[in-house]
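Some notes on the structure that comes next.
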Amino acid sequence: MSRQLRYLQAMNEAYHQEMERDSAMIILGEDIRGNLRGETRGLLAKFGPERVLDTPISEAAFVGFGTGAAMAGLRPIVQFQIASLVYLAFDQLVNNAAKMRLMMGGQATVPVTYTVMASGARNGLAGQHADNPYPYFLHAGIKTVCAASAYDAKGLLISAIREDDPVAFFAPAACLALRGEVPEEAYAIPFGVGEIKRPGSDVTVVAVGHLVPEAIQVADSFATEGISVQVWDPRSLLPLDKDGLCAAAARTGRVVIYDDTNRTCGFAAEVAALLAERVFGALKAPIKRITRADAPIAFSAPLEKAALPGPERLGAAIRVVCG
Amino acid sequence: MSRQLRYLQAMNEAYHQEMERDSAMIILGEDIRGNLRGETRGLLAKFGPERVLDTPISEAAFVGFGTGAAMAGLRPIVQFQIASLVYLAFDQLVNNAAKMRLMMGGQATVPVTYTVMASGARNGLAGQHADNPYPYFLHAGIKTVCAASAYDAKGLLISAIREDDPVAFFAPAACLALRGEVPEEAYAIPFGVGEIKRPGSDVTVVAVGHLVPEAIQVADSFATEGISVQVWDPRSLLPLDKDGLCAAAARTGRVVIYDDTNRTCGFAAEVAALLAERVFGALKAPIKRITRADAPIAFSAPLEKAALPGPERLGAAIRVVCG
Amino acid sequence: MTITVPKPLAEEMYRRMQLIRRFEEWVVKLVESNEIAGVTHESVGQEAVAVGVCLALRDDDVITSTHRGHGHIIAKGGNVAHMLAELLGREGGYNKGRGGSMHIADMALGIFGANGIVTAGCPMACGTAYAFKRRGQDRVAASFFGDGGVNHGLFHEALNLAAIWALPVVFVCENNGYAITTPIASVTKVELYTRAAAYGMPGEAVDGMDVQAVYEATRRAVERARAGAGPSLIECRTYRFVGHYTAERFMKLDYRSDEEIVAWRKRDAIPAWSKRLGEAGLWRADDQRRCDAAVERELDQAVAIARQSPWPSADTALDHVYARTYPGLPAQGFE
Amino acid sequence: MTITVPKPLAEEMYRRMQLIRRFEEWVVKLVESNEIAGVTHESVGQEAVAVGVCLALRDDDVITSTHRGHGHIIAKGGNVAHMLAELLGREGGYNKGRGGSMHIADMALGIFGANGIVTAGCPMACGTAYAFKRRGQDRVAASFFGDGGVNHGLFHEALNLAAIWALPVVFVCENNGYAITTPIASVTKVELYTRAAAYGMPGEAVDGMDVQAVYEATRRAVERARAGAGPSLIECRTYRFVGHYTAERFMKLDYRSDEEIVAWRKRDAIPAWSKRLGEAGLWRADDQRRCDAAVERELDQAVAIARQSPWPSADTALDHVYARTYPGLPAQGFE
Ligand SMILES: Cc1ncc(C[n+]2csc(CCOP(=O)(O)OP(=O)(O)O)c2C)c(N)n1
Ligand SMILES: Cc1ncc(C[n+]2csc(CCOP(=O)(O)OP(=O)(O)O)c2C)c(N)n1
Ligand SMILES: [Mg+2]
Ligand SMILES: [Mg+2]
């Protein structure tokens, strides 16, 4: 009942269970067989080299390969070893895979899951390896989920895999070592349904990915001050649970968005814009965004920390909107 | 005094005047010499094949080439024949050129201008050729301008060229045939300074690129109804004239953002978020966004029109916020 | 210059080439009468490549095409009425009017789409071929691209993938000498087909104005692929008799000399093939006329059908974006 | 196996190789003591490539480097104290602590940056070389990349650009047999250097464990480039004695056999070169020891200097993003 798994183990279990269920599934990417982090452990042994493919360093081609394979009836998982590699395949993602169905008038079905490993900053990854590129996917209209816990990782990954459209699954670097309760059987967390990860009545914090556990900690710390903080996790960023978001925001009338993507045109901007449009009347204070600065992440720890959103800033923002 | 030029001629004049001024400048891209549209007319004859380069169809490499050339002391203009080609060079743009200076601790200076031709939809361009990808640049922190008139085209392009950082200059497809007064001498429109393109006191329309002239028409049409519509054009999207924007919005207390990029995490989202944060107290109505739908543009005219922002929708939104 | 293919195939080669030619001429007319919007790239002059390649494929083989795709689609058996309805933006078009010239597809016929991005179809052909291979099917994917494509990173990555996994793909380079205004010799120092060696696959150049030569070369490559021996690269040397796109005629470009165009027009594959059919005693004087007339009838009817096809309704603009939608997805541009 | 280079150069080859080796060993120690954060890729085993190439360059020539860049930077004359300060994230580092291992640069020494994206430096080297050419300078750009890079689209596009414009670039492929865990033979069917032919440039393979062989091959390519005859590709066959990155030792990966590692370690370029120096009568018994001791002193001092370098101040986190800033640019993450 309360089996604990790490985030990467939860992903691994989802891969195993789904590939077992559906022989049309294949997985490909760089060093899948080598299994650097653990999420692809045992796949080669169980499913063989025809379904578990190590690719050359050719991101654009292996994304296009996934599109073609999907159109021809397979269900590929295309794994990006690090998040910023999506840029190398950007045309194949946003101008091909994502548009194929509409452009063909519904003829093509493109059931591909992109697993984007280790997104976001983590201690010393520096400028090119610390991005959290999901806003690009959202703007391009690609279905996107970001799992904040081991439980969500398994459930959202399974939903992503079963979806008949391209879906990007983001696994934040700062989440990969998390542990949590994960049921053994396969289960799917529906897209477009956010979750109140911590109830509260004074202010709503909308948090994504590794910032969800952080936000919960900050929320807990406010209990002593008599400020009741609700933490809402969208889980799937596109489709976004707009009704759930608006309801959560309207309930408190105060909102802080806590998101680790660049500020300008980031996810927090979309949430703020949505609320300014839909629940304007219910708002009691300006909507605050606590995000990454619009800057590449510098290597050195103090600089890195200064550019990232952090619990102190979240706390300060909560005080401002409640004050 | 009132010489009229087309938008493309204004760009052409900027190219000529700046390349004449600075022998470190080169221009490269696909079919620059062939001069399909007119903006590169006469460059080859005047500046010779060493400064006017036709590239192979290798967008990623020619962007990287531009970065290297700039670091070594040249000042390249890298032209994208159509807007969606930026996706093919996305890594070289957002993960290399844009980050080089920070990653090198200030050692590298990368004075490159990317001219992004014919962005946005235009009658039948269909799914892959109708994008307006500036939100990707904004999110990545790349300085970006979008010129709405022939006058702005020349002035903003000259500023872009003189900037010591990578700058993307967007030339919307729907603007290329516009005519307007353009001074003969070289002039620079400063970055980070928006412009009230039409004064008004009841509602502010924030419009970009080809939607600026459209918004002015709609604004004019409201005069008879007694609604006074102000049209504000940011001109440079990054840096954004946040003070000018907030002042314009606060003056009217009502805002409609009229932008031809996808809705989710688009430019309109950023503007709305900014206003919800900064001028919340001055707002008299919800902030409305009239944008493109989050969908690839279909080929057929009625579908294309339905997915794009349009004057009727802008008009309806103005009525809602003023009503 | 003997004819080695059976008579019905030889005749079909002629018919499809002629159908392409006349189709493209109809397209130009419809663009000029403003019935077709946007940008169309005609393949006039290159018909022998499309037909030679596609007739060497089986119906259940797949092609990926390019911005200059009309010929490929017709050669693979595409229905010209559905194509024209698509070009007119109608609901009865192949893509229900959503795609237009650069995206025409017929998944049932193995036409996995024209594509507006140079070489974008190449990796997709690899994935498709992999699906065939994995299912134990002996089907093949042929991927068309132009001379401009061979300098693109995707070309390189896709050919390498196909080679290392021995995928049943035939890469077909339509070398018409130019990428828009850029001569291939100015952007590539080697004969294009020789690049096959960089991936360990066979490559050959073939006269793209000789439909039978293209057909034979493709046959060899297809047989290799079906037998599990992996991919090949075929460079077809051809020429477009017209501009890069319909609009070019008004643009006064001068990247090609009139002499060059005239010299290539003299090598026009369609009359040349008709002549050979005659010389080989396979065709009599009026066989060509009969065939041409049938082509005309087919196109006249197709244009009529296409013109009668209804326009898509604006309220379906956001259909077909996803296989599965959710509330609020895709988002409208207004609330 | 005679020594063809002058004695001072031969000694400098040894010294730089040894400096790289011991530098990398320091790095591992500092990673393990948590003084260096993030991910570092050591070049232990590959020293002869970095040194052979860079000593064939002039000071005013340029290199672009990779994620495995420490060796290249030291070989090009980089200051190890500034490098170590960078790795420790200090203000006195080459990049003021902004870059870390994967981005070290010294523009003054022609080191146009390590780069975390495979082959990203290749097109930049082309642009740099173009700048030299345009200014009439006879300077050269050398671009390093691994065996994993040769399947990337950027490799293809960059080599083609360099070839058609006859740019003074030397492309140096460090073939250490693996891209992380992926053996090169599983992702490429041909000998890597043969791909040069696809661009019409000379290519050759060289023993990457022989510093002099690398040096000679690079000299030839550099002379060609300086003379205006265009780019070359050199494949240096080498091996990394250690894991892909420091962390690998704890990961229990099994993509390489112990025998393979041992066999390559026997070919270690550094003792081999010292031995040749001795055999050629250029070095006496304690020459190596003296040189080694100097290397140790240099590194000990460098570590000490680096450790004393101050941390960057958090309020400068948004400096150096742009050459010219504007109010509100770059945006903070909070208001
Ligand atoms: C990747 C990419 N770059 C640029 C373009 C713009 N463009 C469209 S067609 C074309 C020329 C293509 O030349 P080629 O491949 O030889 O095909 P052809 O037009 O000659 O049939 C270019 C540059 C594009 N569509 N895709
Ligand atoms: C374009 C790109 N794809 C993937 C990665 C992730 N990655 C980092 S190093 C590496 C292996 C590189 O192998 P190789 O080029 O042979 O260099 P080596 O590590 O052997 O020196 C990979 C796949 C990357 N940094 N860049
Ligand atoms: Mg061509
Ligand atoms: Mg390697």
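Chain letters run A, B, ... following the sequence lines, proteins first and then strands; every chain starts at 1. What you see below is based on every heavy atom in this structure, not just the backbone, and it leaves out hydrogens, waters and symmetry mates.
- A distance of 7.5 Å separates CD1 of D:I164 from OG of B:S58, quoted to the nearest 0.5 Å.
- Among all heavy-atom pairs drawn from D:W165 and B:D54, the shortest one is CZ2-O, 3.5 Å.
- Note that the CE atom of B:M103 and the NE2 atom of D:H320 stand 14.0 Å from one another [nearest 0.5 Å].
- Using a 4.5 Å cut-off between heavy atoms, B:E59 touches chain D through its backbone atoms (N, CA, C, O) alone.
- Contacts of B:E277 with chain D are made by side-chain atoms alone, with heavy-atom separations under 4.5 Å and no backbone atom involved.
- When heavy atoms are compared at a cutoff of 4.5 Å, B:I26 approaches chain D solely by way of its side chain, counted from C-beta outward.
- Taking chain D as the reference chain and counting heavy-atom pairs below 4.5 Å, the highest number among B:P76, B:A69, B:G66, B:G106 is found for B:A69.
- Among B:D241, B:L53, B:L238, B:T55, the residue making the largest number of heavy-atom pairs under 4.5 Å with chain D is B:L53.
- Looking at heavy atoms from C-beta onward, B:K242 lies out of side-chain contact with D:L329 at the 4.5 angstrom threshold.
- Contact annotation for D:L318: neither backbone nor side-chain heavy atoms come within less than 4.5 Å of a heavy atom of chain B.
- Chain B forms the most heavy-atom pairs under 4.5 Å with one residue out of D:G328, D:A141, D:A120, D:A158, and that residue is D:A120.
- The two residues D:A323 and B:D165 make their nearest non-hydrogen contact at N-OD1, 2.7 Å.
- Interface residues of residues 85-113 of chain D toward chain B, defined by a heavy-atom distance below 4.5 Å and sorted by number: D:Y94, D:N95, D:K96, D:R98, D:G99, D:H103, D:A105, D:D106, D:M107, D:F112, D:G113.
- Only the backbone of D:D319 comes within less than 4.5 Å of a heavy atom of chain B; no side-chain atom from C-beta onward does.
- Taking 4.5 Å as the heavy-atom cut-off, none of the residues of residues 143-153 of chain D approach chain B.
- Taking chain D as the reference chain and counting heavy-atom pairs below 4.5 Å, the highest number among B:G64, B:A60, B:A24, B:A70 is found for B:G64.
- B:V63 has its side chain out of reach of D:P123: every pair of non-hydrogen atoms, C-beta onward, lies at least 4.5 Å apart.
- In terms of heavy-atom proximity, B:A72 sits nearest to D:A131 at CB-CB, 3.6 Å.
- Smallest separation of non-hydrogen atoms from D:N160 and B:P56: ND2-CG, 3.7 Å.
- How far OG1 of D:T64 is from CE of B:M71: 9.0 Å, rounded to the nearest 0.5 Å.
- Between B:L28 and D:Y130, every side-chain heavy-atom pair lies at or beyond the 4.5 Å cut-off.
- For B:D243, no part lies near chain D; criterion is any non-hydrogen pair under 4.5 Å.
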Query raised in the report: Given D:Y326 and B:K143, is the side chain to side chain contact (heavy atoms under 4.5 Å, CB included) satisfied, shown in steps?
Result: CA-CA 11 Å; D:Y326 291 85; B:K143 291 178 178 174; 3.7 Å; yes
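- Note that CG of B:N95 is 5.0 Å distant from CD1 of D:I117, once rounded to the nearest 0.5 Å.
- Using a 4.5 Å cut-off between heavy atoms, B:Q92 contacts chain D through its side chain alone, with no backbone atom that close.
- B:T67 contributes no side-chain N or O that, together with a main-chain N or O of D:M124, makes up a donor-acceptor pair within less than 3.5 Å.
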Query raised in the report: Going through the checks in order, is the side chain to side chain contact (heavy atoms under 4.5 Å, CB included) test met by D:R134 and B:R51?
Result: CA-CA 9 Å; D:R134 159 130 186 78; B:R51 296 181 62 192; 3.2 Å; yes
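- With hydrogens and angles disregarded, no donor-acceptor distance shorter than 3.5 Å links the side chain of D:Y322 to the backbone of B:D164.
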